[in-house]
Amino acid sequence: MGKKIASIRGMNDILPDETPVWQWLEERARAVLQAYGYREIRLPMVESTELFKRSIGEVTDIVEKEMYTFEDRNGDSLTLRPEGTAGCVRAGEQHNLFYGATPRLWYMGPMFRHERPQAGRYRQFHQMGVEAFGMEGPDIDAEIILMTAALWRALGLEDEVTLELNSLGDAHDRQRHREALVAYLSDHREQLDDDSQRRLERNPLRILDSKDANTQKVLEDAPRLADYLGESARAHFHELRAILDAAGIEYRINSSLVRGLDYYGKTVFEWVTDALGAQGTVCAGGRYDGLASQLGGRDTPAVGFAMGLERLVWLLSRDGGEREPVPDVYIVAPEHRARALTLADELRTGLPGRRILCHCGGGSFKSQMKKADKSGARLALMLGEAELERSEAVVKPMRGGGEQQSVALAELPARLSQWLARQDETR
RNA sequence: GUGGCUGUAGCUCAGUCGGUAGAGCCCUGGAUUGUGGCUCCAGUGGUCGUGGGUUCGAGUCCCAUCAGCCACCCCA
């Protein structure tokens, strides 16, 4: 026997015990997205490396050290997508989806980042993302946030998450603030922690959410982005808040909320939970008006967000809720395998939507009954020598009360359907 | 990428001072020759993560490596 091959670090199998939660989550989310009129787009998992460098930003951690980048056989540099927005913008541009249109799109699938795995953070992880193009007013920002709130209600998570909100202003607002911030922090360089000193050149905004106490003290008197917002950004943010207030959405203004990707401007938001350890962000997004033109397309305002599905699944799984449907009927038949299998198919057509399991793999009558029990099936259907001679089968309720009964094969679909319907009611 | 903790049966874990591995659950069979669950009995299952080293002897000590967890960095 050869050496065992294991999955790649940080790239996990999602096992049959877990897939019901995933499916449940995906179904619920799809329904909400659909109700808001958003349409699905399916995008490649691999794009040209250049796309991510130009959109996410050359000096971000994602691009500098987290991308899965490789050369294909032509010598082109390709990258496994670390996020979905860049590819979505690229596709919209390539197929003229933005031309005179204001598409509302969503997508779902795996993303890849070479980070150290940790609770709620993996190298292959899944996001559901939403992007709305061509609308520059705060109403669409609000709609998107309202939609996320509806999503939490649909998932029963509304008490688990809270909304944080900020405005990053226009590009030139950020530029002026950034210069003032760097100037101020440079004067206090010695009082900053090591990480923050390093960030001073590379990504000064990040210093704002440093956890170092001294650094936070220095920051108290630092220039605030809010004071640098121009008239248009200020009005945009004001109106967004007015809509959210009118809709009864609660939020907290977090002035140190900065997104890690360079393309964001104006509105940024995060839904966070304290139930997830260090990875509290469950959904994050914002406005990125400059991205389309930055990628060589026409100017197209845009807002979007992405949710981390592993994190949501984790929240949903904590209660250990049963979402796996049990078999309705389990067919036990030590002999007459062909008859058992064809009967199973007859029942599947006769009882659409029901789960019919036919025992396979041999074993005594008794051991097959044990399997029926273990499967959690509601009814066992026993098909033996004596029954078949009379063209009958024995139906035995496995859970709850009730006596077993002999039923003519011809009447099985009707009788089983009645039986199951009655059980459905008393549940 | 940095630091800390942890890897023993399918699962949860015990294993003392270094002396060639155990429990519970699960699984299989039987008690009950065609009837699940409860009970009792028996049985299967291990390269002790992997590779080196020290030792007469390593699950136990040392080194490396891989993986998992937690935190940092960063992020969904």
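Here the structure is a predicted model, which is why all the values come from computation and not from measurement. Below, chains carry the letters A, B, ... as their sequence lines are ordered, and counting in each starts from 1.
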May I ask you to decide whether [X] forms a salt bridge with [Y], counting only side-chain N to carboxylate O separations under 4.0 Å?
| X | Y | answer |
| --- | --- | --- |
| Glu47(A) | Arg90(A) | yes |
| Arg339(A) | Glu346(A) | yes |
| Asp193(A) | Lys217(A) | no |
| Asp328(A) | Arg355(A) | no |
| Lys65(A) | Asp61(A) | yes |
| Arg348(A) | Asp345(A) | yes |
| Glu26(A) | Arg28(A) | no |
| Asp373(A) | Arg399(A) | no |

**Asked** What pattern of brackets, bars and dots sums up RNA chain B from 5' to 3', given Watson-Crick or G-U wobble pairs under 3.5 Å, [ ] for crossing pairs and | for another strand?
**Response** (((((((..((((.....[..)))).(((((.......))))).....(((((..]....))))))))))))....

Given atom [atom1] of [X] and atom [atom2] of [N], what is their separation to the nearest angstrom?
| X | N | atom1 | atom2 | result |
| --- | --- | --- | --- | --- |
| Phe269(A) | A76(B) | CZ | C1' | 12 Å |
| Glu403(A) | U35(B) | CD | C1' | 12 Å |
| Ile56(A) | A76(B) | CD1 | P | 10 Å |
| Arg123(A) | G1(B) | CZ | P | 7 Å |
| Met307(A) | C75(B) | CE | C1' | 16 Å |
| Leu208(A) | C74(B) | CG | P | 12 Å |
| Lys370(A) | C26(B) | NZ | P | 11 Å |
| Arg116(A) | C5(B) | CZ | P | 13 Å |

What's the closest nucleotide to the [X] side chain, out of [options]?
| X | options | result |
| --- | --- | --- |
| Lys374(A) | C72(B), C27(B), A76(B) | C27(B) |
| Arg113(A) | C74(B), U35(B), C75(B) | C75(B) |
| Gln118(A) | C70(B), G29(B), C74(B) | C70(B) |
| Phe365(A) | G37(B), G4(B), G34(B) | G34(B) |
| Asp61(A) | C74(B), G29(B), G37(B) | C74(B) |

With sugar-phosphate meaning primed atoms plus P, OP1 and OP2, does [X] contact a base, only sugar-phosphate, or nothing at under 4.0 Å between heavy atoms?
| X | result |
| --- | --- |
| Glu387(A) | base |
| Lys366(A) | base |
| Ala119(A) | sugar-phosphate |
| Gly84(A) | nothing |
| Tyr330(A) | nothing |
| Gly129(A) | nothing |
| Ala372(A) | nothing |
| Ser364(A) | nothing |
| Glu83(A) | nothing |

**Prompt:** Closest nucleotide of RNA chain B for Met11(A) versus for Gln127(A): which of these residues is on the 5' side?
**Reply:**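 On the 5' side of the pair lies Met11(A).
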
**Request:** Please tell me which of Lys65(A) and Glu270(A) maps to the more 5' nucleotide of RNA chain B, matching each residue to the nucleotide holding its nearest heavy atom.
**Result:**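 The residue mapped nearer the 5' terminus is Lys65(A).
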
For the [atom1] atoms, the ones on [N] and on [M], what distance do you get once it is rounded to whole angstrom?
| N | M | atom1 | result |
| --- | --- | --- | --- |
| C48(B) | C11(B) | P | 16 Å |
| U60(B) | U8(B) | C1' | 11 Å |
| G19(B) | A58(B) | C1' | 10 Å |
| A64(B) | A21(B) | C1' | 26 Å |
| U54(B) | G46(B) | C1' | 25 Å |
| C38(B) | G18(B) | C1' | 45 Å |
| C25(B) | C17(B) | C1' | 32 Å |
| G43(B) | C62(B) | P | 38 Å |

Examine the base of [N] for any acceptor or donor lying under 3.5 Å from a partner atom in the side chain of [X], and report the outcome as yes or no.
| X | N | result |
| --- | --- | --- |
| Gln404(A) | U35(B) | yes |
| Arg311(A) | C75(B) | yes |
| Lys396(A) | U35(B) | yes |

**Shortest non-hydrogen separation from Ile145(A) to Trp271(A) and the atoms involved** =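 Answer, listing the atom of Ile145(A) first, then Trp271(A): O-CZ2, 4.3 Å.
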
**Item:** Phosphate OP1/OP2 of G68(B): any Arg9(A) side-chain N/O under 4.0 Å
**Value:**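 It does, given that an N or O in the side chain of Arg9(A) lies less than 4.0 Å from OP1 or OP2 of G68(B).
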
**Asked** Under the side-chain contact (heavy atoms from CB on, under 4.5 Å) criterion, do Arg113(A) and Met67(A) qualify, and how do the steps go?
**Response** CA-CA 5 Å; Arg113(A) 291 184 202 169; Met67(A) 294 205 303; over 6 Å; no

